[in-house]
Amino acid sequence: VRGPAIVCVAALASACIPPREPGTPLSGLTQAQRTRFEAGRVEFQHVFVPETGLGPLFNADSCAECHEDPVAGGPGDEVEVHVASFDPATGFCDPLVERGGPVIQQAATPALQSALGIDREPIPSGVIGTAGRSTPDILGFGLLDAVPDAAILALADPDDRNGDGISGRPNHFFDGRVGRFGRKALVPSLREFNAGAFVVEQGITTPETPTEESIGGQPIPAGVDPAAEPELTGEAFALADDFVRFLAPPDPRPPSRAARQGRSTFARIGCTGCHLPALKTGNSPVKALRYRTVRAYTDLLLHDMGPETRGHVSGQRASLGVPDGAAHGGSALDELPP
Amino acid sequence: MARASPESDVLPGDSEMRKRAHAALRAAIGLAALLSLASAAEPEKITGTVKSVDTSESQVSLITGRGHALRVMVIHVKPGCRIEVDGVAGSMTSLRRGQVVEITYRNEPHPYTAESIATVPSAGPK
């Protein structure tokens with residue numbers, strides 16, 4: 001009799017635990033990790049000004065300006081602009097780096113405005129594709145980062161050999177590594193994504209990204225960017241990175257009867273073929289990230305959803321596709337010239 | 001008062017200490033020279049995607065970077081640079097836009113002077 005009673009008490013107790021609110025850290029962090037999480041939140045919310053390194057081109061003056069709703073690390077309503085040029089003959093998607101791509105910043109510091117008379121980075125002329133990129137939440141991204149490449153590759157079936165009508169394929173970064181973060185799953189690791197975001201989104205250089213973005217491919221005019229490089233110390237960057245890494249995914253609300261039925265239908269009609277209900281993390285130096293289940297409803301692969309939603313793809317996965325799940329953000333604003 | 005000769009300032013054991021200091025200095029200079037030679041001899045490696053190949057200028061442009069902070073490196077291809085495409089010896093004309101390559105380079109005689117270029121096999125299916 002005691003066994004079932006314990007199970008009942010445990011079930012009741014777990015039912016009484018309120019769902020974790022967005023913005024809280026992963027459970028199982030050490031005290032030192034929780035301290036870094038809180039210090040990292042301060043870095044994440046720090047507002048930069050030109051004197052501390054902002055710009056000269058930027059999309060936001062802090063990480064939390066975009067990842068803001070309802071907490072730091074949540075989604076935002078900002079839509080940034082990416083450009084690329086696709087060559088059908090070779091299948092190469094050029095991110096137009098030498099012309100200011102792939103991210104076209106939407107704001108400029110007063111000094112740059114005075115020097116060049118622009119209030120944002122100009123979109124390169126010519127036959128290019130532009131795409132809107134909405135701000136995703138980044139809750140639970142540390143767990144996604146800890147999913148082994150092998151797990152992603154094991155799910156890939158680019159030629160639909162199993163005949164289920166699904167042909168997910170991994171993207172690869174420019175150096176050939178498997179990608180997973182960012183729209184179209186370009187970036188291989190969370191740390192690289194964060195380092196890139198500081199300089200691309202805010203114009204803040206770090207020891208990992210020590211050079212500024214160009215102005216449409218041209219160098220920054222003299223005197224426009226007064227702060228010395230790197231504009232953020234390695235430790236401050238590492239704290240911000242830890243904040244993002246240790247953010248817990250939000251707990252699902254206790255499902256209603258309708259939600260339970262919906263979950264069954266979701267699986268029955270094949271949605272879970274791409275939107276995998278769970279992935280498993282691998283080994284990690286952080287115990288809270290090690291061998292955990294991630295309920296992110298993604299396979300971290302690209303899926304060709306047809307011409308209306310294709311848009312351009314950065315990286316090695318030149319044939320066009322859209323990744324499923326929450327790890328990528330994005331919108332249906334991709335456009336390619338005919 | 002007569003000024004003491006330099007020899008008279010030498011305390012017992014000073015001569016031995018000086019010899020040791022000189023030996024240590026020589027060793028440090030030698031080590032620095034060796035390290036300098038080693039760093040000059042050690043080529044660097046970079047992996048990226050070929051953006052363009054300019055045979056007339058003997059240059060390859062490579063896309064690299066971190067996250068979405070992408071950068072283009074222009075690599076000078078010196079005569080005699082070993083080029084391999086899918087494990088087969090080739091030339092600059094064998095390189096194609098979009099290929100992932102690993103380039104071994106030195107910063108002499110020009111910055112980013114390639115010694116070898118080899119395509120990198122894809123990690124898993126594409």
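Since the structure is predicted, the reported quantities are computational estimates derived from the model, not experimental observations.
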In this structure, CZ of A/F174 is separated from NZ of B/K51 (nearest 0.5 Å) by 9.5 Å
So, the part of B/V101 with a heavy atom under 4.5 Å from chain A: the answer is neither
* Could you check if a side-chain atom of B/R97 sits within less than 4.5 angstrom of a side-chain atom of A/D94, using non-hydrogen atoms only? => yes
Checking heavy-atom separations under 4.5 Å from chain B, one finds in residues 188-197 of chain A A/R191, A/E192, A/F193, A/A195, A/G196
In terms of heavy-atom contacts, B/L70 and A/V97 come closest through O-CG1, 3.4 Å
Turns out that what part of A/E208 lies under 4.5 Å from chain B's heavy atoms comes down to both
*asked:* For A/E213, is there an ion pair with B/R71 - N to carboxylate O distance below 4.0 angstrom?
replied: yes
**Prompt:** Side chains of A/F92 and B/T49: does their closest heavy-atom pair fall under 4.5 Å?
**Reply:** yes
Whatever's closer than 4.5 Å to a heavy atom in chain B on A/T211 counts as both
For B/V100 and A/F173, what are the C-alpha separation, side-chain angles and deciding distance, and is it a side chain to side chain contact (heavy atoms under 4.5 Å, CB included)?
CA-CA 9 Å; B/V100 179; A/F173 192 63; over 6 Å; no
Looking only at heavy atoms, the pair that brings B/H68 and A/V187 closest together is CE1-CG2, 4.3 Å
